[in-house]
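The block underneath contains the structure these notes are about, expressed in structure tokens.
In what follows, chains carry the letters A, B, and so on, assigned in the order in which the sequence lines appear, proteins first and then strands, with residues in each chain numbered from 1.
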Protein chains: 2
Amino acid sequence: MTDLDIAEVARRTGVPPSTLRYYEERGLIASTGRRGLRRQFDPGVLERLGLIALGRSAGFSIAEMTRMFTPLGRPEIDRRVLAARADEIDRTIRELTAVRDSLRHAAECPAPSHLECPTFRRLVRTAAAGASRAAPRPALPRRRRAAEAG
Amino acid sequence: MTDLDIAEVARRTGVPPSTLRYYEERGLIASTGRRGLRRQFDPGVLERLGLIALGRSAGFSIAEMTRMFTPLGRPEIDRRVLAARADEIDRTIRELTAVRDSLRHAAECPAPSHLECPTFRRLVRTAAAGASRAAPRPALPRRRRAAEAG
DNA sequence: GTTTCACTTCAAGCCGACTTGAGGTCAACG
DNA sequence: CGTTGACCTCAAGTCGGCTTGAAGTGAAAC
């Protein structure tokens, strides 16, 4: 048997065992069995975890990915869903570009206080409008501590 | 007095009263007083809330913004902090661009299953590497229900 | 055969940014 | 002067994605 121990999977992917157990519990990955207590995984889980990482980066929730992945491990994903998410990411990129530009402007603007700068005031008003018009969401992810990967 | 009632501020900004109270509690905004029970705000709070919206979009936490804003309402923000955040957003944009391209590819790739497509496999491996190398963070914000703004 | 110790389960905790609910108050309207 | 109802406070709840802690187990090393 070429199966991998959970510790080995963790080591090779950088995904902590607790997360692997959590993913299994949520139905995102499946273990092939146990050696004693320890979960064993098919090596294909490595690629699957890569896919999951990609999905997470794309903003899919665990629940969504569970739905997208068929039970048998072959993700037969609706291509329209992917295209729609790509479009959504495009929109986010545009928003972030605007925010970045605001920040750069604020960083470089010579006005003594930012609020005295007409350009910045306009940018702020735009942000406010966007915030109330669309959704009160943080356009950027929470920043976390980096995980030291193996 | 030209002060605005909390309800008026909520109406004009789309920020719910509960959030305004929360912001005040966290020291992000200050009310000028009360009319009876009701908080009154200087009209300047509108611009400040715009600034807060911009900051949130830029990924600053409430705590960070509280630190950035001086007590007197004039955000005297360290320009290096802004520039650094702009750079960080730039990095996020590049990540998201890669993810978006992966999704588009997956949406258009004719391979019967995505994992049979070499290009996609490569992209997935990249995502996995990125995920373990940097931080296991969702590169995209949680999507929430939109707030119907006034 | 005993110890070791990484794994196991299960429930609970954490984080951030708010929201919600219960119970209270007070300006204004009639 | 009484009712109304939007505000108030404070504590607790929500959401997602995990992590953590206590208590248990079993394969492997000695």
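Mapping A:P17 and A:L37 onto DNA chain D by nearest heavy atom places A:P17 at the nucleotide closer to the 5' end. Comparing B:R21 and B:R26, the nucleotide of DNA chain C nearest to each residue sits closer to the 5' end for B:R26.
B:A63 comes within 4.0 angstrom of no nucleic acid atom, judged by non-hydrogen atoms across all strands. Counting any heavy atom pair closer than 4.0 Å across all strands shown, B:P16 reaches sugar-phosphate atoms only and no base atom.
B:R34 places its CZ atom 18 Å from the P atom of C:dG24, with the value rounded to the nearest Å. Between the CZ atom of A:R35 and the P atom of C:dC5 there is a distance of 20 Å, rounded to whole Å. Note: CD (B:E24) to C1' (D:dC7) measures 13 Å, nearest angstrom. The interatomic distance linking A:I6 (CD1) with C:dC7 (P) rounds to 8 Å, in whole Å.
Distance from the side chain of B:T19 is smallest for C:dT19 among the nucleotides D:dG5, C:dT19, D:dT9. Among the nucleotides D:dC7, D:dC18, D:dA28, the one closest to any side-chain atom of A:Y22 is D:dC18. Checking D:dC8, C:dA17, D:dC18 against the side-chain heavy atoms of A:Y23 singles out D:dC18 as nearest.
Residue A:L20 is tested with A:L28, A:V9, A:V45 for a side-chain contact (heavy atoms from CB on, under 4.5 Å); the sole match is A:V9.
Remark: B:R67 does not engage B:E64 in a salt bridge, criterion side-chain N to carboxylate O under 4.0 Å.
For A:M65 against A:R56, the heavy-atom pair with the smallest separation is SD-N, 4.1 Å.
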